[in-house]
Structure formats: C-alpha cells, structure tokens
Protein chains: 2
Amino acid sequence: MKDVATAAGVALKTVSRVVNGEPGVHPATAERVRAAIDRLGYRRNESARVLRRGRTATIGLVIEDVADPFYAGLSRAVEDVAIAHDCLLLSGSSGEEPGRERELVETFCARRVDGIVVVPAGADHGYLRPELDAGTKVVFADRPPGAGLDADTVLADNAGGAGRAVRHLLGQGHERVAFVGDAPAIYTAAERHRGYRDALGDRYDPRLIAMRPPAEEAMRADLERMFALDRPPTALFTGNGRCTVTALRALAGRKVALVGFDDFELADLLRPGVTVVAQDPAWMGRVAAELLFRRLLGDEGPPEHIRLPVRLIPRGSGELPP
Amino acid sequence: MKDVATAAGVALKTVSRVVNGEPGVHPATAERVRAAIDRLGYRRNESARVLRRGRTATIGLVIEDVADPFYAGLSRAVEDVAIAHDCLLLSGSSGEEPGRERELVETFCARRVDGIVVVPAGADHGYLRPELDAGTKVVFADRPPGAGLDADTVLADNAGGAGRAVRHLLGQGHERVAFVGDAPAIYTAAERHRGYRDALGDRYDPRLIAMRPPAEEAMRADLERMFALDRPPTALFTGNGRCTVTALRALAGRKVALVGFDDFELADLLRPGVTVVAQDPAWMGRVAAELLFRRLLGDEGPPEHIRLPVRLIPRGSGELPP
DNA sequence: CTGAAAGCGCTAACAC
DNA sequence: GTGTTAGCGCTTTCAG
C-alpha cells in the first residue's frame, strides 16, 4: 500500500480511501491510484484489515460430515446465505466426536469468526461460555446445545415426524412396527425414538428396537433377531437416511413395510418407492444462517427456538399391508 | 496478551512463549502465565499472528457445488488432509459460473490462504498469474486450467473410462449406443464424449448424442427423439452421476441397457443394478490436497499432471442384451 | 479533498 | 530464562 502511494504520488491514506471506496477523493487522484494498483498488482491484505477492524467477515460451520447428503445440503444453504452477506465460510466436520467439535469451534473462535453455526456432536457446551461472553454469536442447528446453555436453536420436528411415520404404518393395519435408529446418544435418534414410542403406546415392545451406528452386518443381525420372534415385525421405521439405506440392504428384498426418516435421492426409483418423512436440509441451513446474521446485525432478543415441520411422502413402501 | 503479562508479572514476550509452547521458560513462570490466561479467558488473536508470520494456515477449496455428492466426497477428503496439516479449510461453491469461481479464488487470495484447490468452472485462468507469482500455490482438480497455464492438475481418466463403458456395451452386442452427457463446455463432459466417440469408431452417430445440463423434461424429449429414430438406441451411456439419475427417471422403466459415469449410492439397490464407471472423489481430493501441501512445504518441481484410473462396476443394467 | 501519526495484537531478532 | 524493540499492513483520528 505504501508502494502504491509512492507510485501514485499520494499518501497512504488516499490509497486506503480508494481501495475502500470511501468518498472524498478527487476522481483524477483516484484514477491515478487505481492505475498504480494495477501496475503493481497490489492486493489488500485482509489479515491486516481484520486485525484493525475487529470483524473478520467470516463465519464458521461445524457439521458432522460434509460427505453426508443431509449436511452437504445444509452446508450449501449456509454458504449461500454467507455469500449474500459478503462473508466467507470456514467449515469442518466433527465426525460425531465431541472433542473434534470443540477443537473446531475453538479454532474458529481463535480466528475470530464473527459467528458460528454448529451441529453439536457433544453434550457439554460449557466451553462456549467465554466465547459467547466475548460476543461470538452461535446458532445450533439440527440438535440443541447441552444442558445449561440456552442459545438460538433450529431443529426439525423429530418426535412429531416419527409419530407421523408410525401412525401412518398403524393406519395400514400394522401392529408390530420395529424401530431401527442411530445410537441413542444422538439427539435426533433419541427424539425420533421418543416419537415412535409415544405413537405406539402399549404396542411398544423393546425387543423391536435396534439403536446403533448404522452398519450393514450389525443391522442384518438385529433384523434377523427381530424376525425370529414369536410375533415378528411387519413394518419398519428407520431413524435417519443412513439407517434407511443400510436397512434396505440388510433386508435384501424381504417383504416388510418401511417408512424412513429423511428423504434421499432415488427413493422414488426403488421398487417399491420408499415412503419417507422428509426434512429439508437446505431450509434448516438457511434459517440457521439467517438467524445468525440477524444476531450479527445486532438483534439482541432472547434466544430463539425454531422447530421446522417435516412432511410425509408416501411412495409405496409405507403402504404395504401387514 | 499485555494484560496477561501484567497479571502474571512477566513481559509480553514470555506470554508469547508460553502460548506458543516455545522452549526456554521456567516451568513455574509458565504455570503462572497459564493461570493468568485462564483467569482472564485470554485467547490468542489469530489475525495478528497471521499478519506477523505471513502464513495463514488456511487453504481454500473452490468446487462446483457441495451439495453434489461427488464434490461433497472430495471436500471431505481435502478437509481431512488439511486438518492433518493443522490447516483450516475455506470453501465455496462456484455453481459452474466462471465469474463466481474467480471471485472466490480472489477472495481467498486476499485472505492470504496458503494455497488453493480449485475445480475450475471457467476456461480462462489468466487472473491467477499474479497470485501464482506472489507464491500462492494452486492445484486444479477434476478439470485442468484454461489454456496457457501449466499447473498441478489431478484428473480422472475420463476418456479412458468412457471408452471402457462403451466397449462394455458393444461387447454385449449393442450396435446403437446413445450418449447423454452434460453441457459440452464442461471439460469432463467433453472428454467423456471424446472417449465415447473414439470407442464407437464408425458406429458413431451424432443423432444419438444429447449434451446439456441434466433436467428431466429436456432429457425426456431428447430420449423420445432418439427412440423415434429408424434404428433407435438399445443402450445408453450417461456422462455423469446427475445425468444417470435424470436418465433413469426420464426412461421411466423403458428397457434399455445403461452404463453411467460416476458411482452413486443405491446404484446396487435399483433393479436392475446400475452398471457404472466409478471414480473415487475422496481419492481425488486427497491426492490434490497432498500435492498442494507438498508444494507448500517447498517442493518446487515442474507441474504434475496426475490421472486417476476409474473402474467399471457391472451390476446388471450394463449387461442387458440389445 | 488530502495527509501524518498512532496503534490493532502479535512474533522475530536481539539484547540482557 | 527473560525482557525490549521494531515492525507485519491496514484503518482511525485528527489536522491541515
């Protein structure tokens, strides 16, 4: 910048004015400065700018795994909102490890991101206290923060959607509906299990429950066990997209009704088409990011808790009779 | 930092030493400093650190769209490599717009990322010259840079894979193999078309070609047109994952053999299973990122051009007879 | 309209 | 072992 100033025969500050489009520079001077900038290939150093101004114009995003279509869709939406606000996006995958989540959040904070959207992997967010006090805005998406922290949160209607799925199956005459979900430590899995149980009432049977990280072999074993029962399940409710896909493989053509939580590409092309309770990852991402920017722009209202509705899409698999 | 120094009764530099784990600090002093840090909730300001050191420990990634499973897989791999090198990842989606690609790259450069992995959307990368001269390392992935720029590049064997797919179909006795690919301006689409044409030799018939951004209605029309020909196609080669999926929908159960470029989840669960030429997005991401870090660590060798092999996975759809 | 000077928070290069 | 000093490149403040 100093070089540009020298080259253009002006003071440092004038170059700064031109670079930032500040008013109060004679057009001719500005032109001269711009010429010098082009000639020298000058680029403003954002780090120095950030250091001086205090705002980084960067937000952070912590998700579980970008390679998961749900989080990929959410990411893209957050990115779009960030761009609309002239912000860059730093992102990282926690891989469902609380330690990694914390590490990412802290690294983002150290880089002074203006705010963060986080899909929590851990259950304890006490480590966020100092950041929140320091003014970093945080919005939780998909899962709420651990106990003791009341912060902005955007969730899907997990329990409600699960109930809807189960009632749909009961409506077709099924009496034995199994639940195959992710590990119970995961908030969404637990909520969907809760919705399932409540909808089932006294038809609830713990032997029809399998909750663990979806892996084909383990799930096949779980299903074998259930189908070997006196009164085997005639329908399956799967707790998330990965569970649905794993279950479809593990079932290997066995004829059972199935409703899955989460929509997925090609669900309509399978035979039968897969009935799902769909949430909209892009919507969730957009809502969370917009809420974050409202906070960044000075909205100091009490923490918001937004719950996004889900919808049932019948495609055939959930309409099979017992 | 100054406050911490005062609180701990030491000089600024000592705090700096403790924070950076530099040797030559008495354990007791270090402990006193750490206590002060905790008490005051001090966090090192990365911006200042970056300004001073010149390295940001950040790399940039420009892809077409995170929400596309191929790029999501690639992203995750780049992220993992970045983390292994204690680097953060800034990422952005170009949406296949050259202007947006350039904007992202320039923004990343202004933030002084150490290096960039870019999946080019545009064909002119002259704008990168100054950045390259300034020492920013750039690796191109999935597509090469525009003419006139020789840089590190990691590509899949597009033409070879397309040839493999076509020969597979010819081997089943098909004589009329159509190609449904993305817009010809996209490098990978053009390369796959080239491989297709070369493998077909004089069986090549331009009426069996449809190249445009995949959209169900347009593709349905294209296919109708082809099937209305005197000698309609008995087999289809689709040019990328999205084209494959769109084609499957547009075909609506019509019985044709099909081989697609790109593997996709559930390809094995459709009936018949979808035969594909699979590339490995994570592998590509890893190779590109590792190459970038080799450059950042000082490797000054001539530009490398890496071509990753692809593999044919027969699942049924490509083995249907004419 | 333009410029000089101070300082953002940190680290590198030297003292002591 | 520890401290001092001089910037990194920019914006802010205030003075022409």
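All chains are named by letter (A, B, ...) in the order of the sequence lines, taking the proteins before the strands, and each is independently numbered beginning at 1. All values below were derived from every heavy atom in this structure, side-chain atoms included, with hydrogens, water molecules and symmetry-related copies excluded.
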Residue set satisfying salt bridge (Lys or Arg N to Asp or Glu O under 4.0 Å) with R242(B), at least two apart, ordered chain then number -> E64(B), D68(B)
Rounded to whole Å, the CD-C1' distance (E46(A) to dT11(D)) equals 12 Å
R44(A) atom CZ is separated from dG9(D) atom P, nearest whole Å, by 15 Å
When rounded to whole Å, the NZ to C1' distance for the pair K2(A) and dC8(D) reads 11 Å
In whole angstroms, the gap separating P of dG9(D) from CG of L51(A) amounts to 12 Å
Can a donor-acceptor pair be found, under 3.5 Å and without considering hydrogens, that links the side chain of S47(A) to the backbone of S47(B)? no
Self-check item: Test: E106(B) and R102(B) ion pair at under 4.0 Å
Solution: yes
Within residues 102-114 of chain B, the residues having a heavy atom closer than 4.0 Å to DNA chain C are none
Residues 50-59 of chain B vs salt bridge (Lys or Arg N to Asp or Glu O under 4.0 Å), sequence neighbours excluded, gives R55(B)-D114(B)
Using a cut-off of 6.0 Å, state whether more than 12 heavy atoms not belonging to R307(B) lie near its atom CZ.
yes
Here the residues of residues 18-27 of chain B within 4.0 Å heavy-atom distance, strictly under, of DNA chain D are G24(B), V25(B), H26(B)
ring-ring contact (aromatic ring centres under 6.0 Å, His included) filter on F70(B), not counting sequence neighbours, yields none
When rounded to whole Å, the CZ to C1' distance for the pair R53(A) and dT13(D) reads 15 Å
Q. Is the closest side-chain donor-acceptor distance between R112(B) and T58(B) under 3.5 Å?
A. no
task: Look at the rings of H85(A) and F293(A) and say which category their plane angle falls in: under 30° parallel, 30 to 60° tilted, over 60° perpendicular.
output: parallel
| query | Can a side chain N or O of S16(B) be found less than 4.0 Å away from OP1 or OP2 on dC10(C)? | reply | no
Should V18(B) and R34(B) be marked as a side chain to side chain contact (heavy atoms under 4.5 Å, CB included) after you check the CA-CA gap, both sets of side-chain angles, and the distance that decides it?
CA-CA 8 Å; V18(B) 172; R34(B) 261 188 293 273; 3.9 Å; yes
D3(A) atom CG is separated from dC8(D) atom P, nearest whole Å, by 11 Å
Please write out each protein N/O paired with an N/O of nucleotides 3-7 of chain C under 3.5 Å, distance rounded to 0.1 Å.
{"residue": "dG3(C)", "atom": "OP2", "partner": "A11(A)", "partner atom": "N", "Å": "3.0"}
{"residue": "dG3(C)", "atom": "OP2", "partner": "T14(A)", "partner atom": "OG1", "Å": "2.6"}
{"residue": "dG3(C)", "atom": "N7", "partner": "R17(A)", "partner atom": "NH1", "Å": "3.3"}
{"residue": "dG3(C)", "atom": "O6", "partner": "R17(A)", "partner atom": "NH2", "Å": "2.7"}
{"residue": "dG7(C)", "atom": "N2", "partner": "R52(A)", "partner atom": "NH1", "Å": "2.8"}
{"residue": "dG7(C)", "atom": "N3", "partner": "R52(A)", "partner atom": "NH1", "Å": "3.2"}

With D142(A) as partner, the option from T188(A), V117(A), L155(A) fulfilling side-chain contact (heavy atoms from CB on, under 4.5 Å) is T188(A)
From CE of M1(B) across to C1' of dT5(D) the rounded distance in Å is 14 Å
I'd like to know if the side chain of S94(A) and the backbone of A121(A) have a donor-acceptor N/O pair within less than 3.5 Å. no
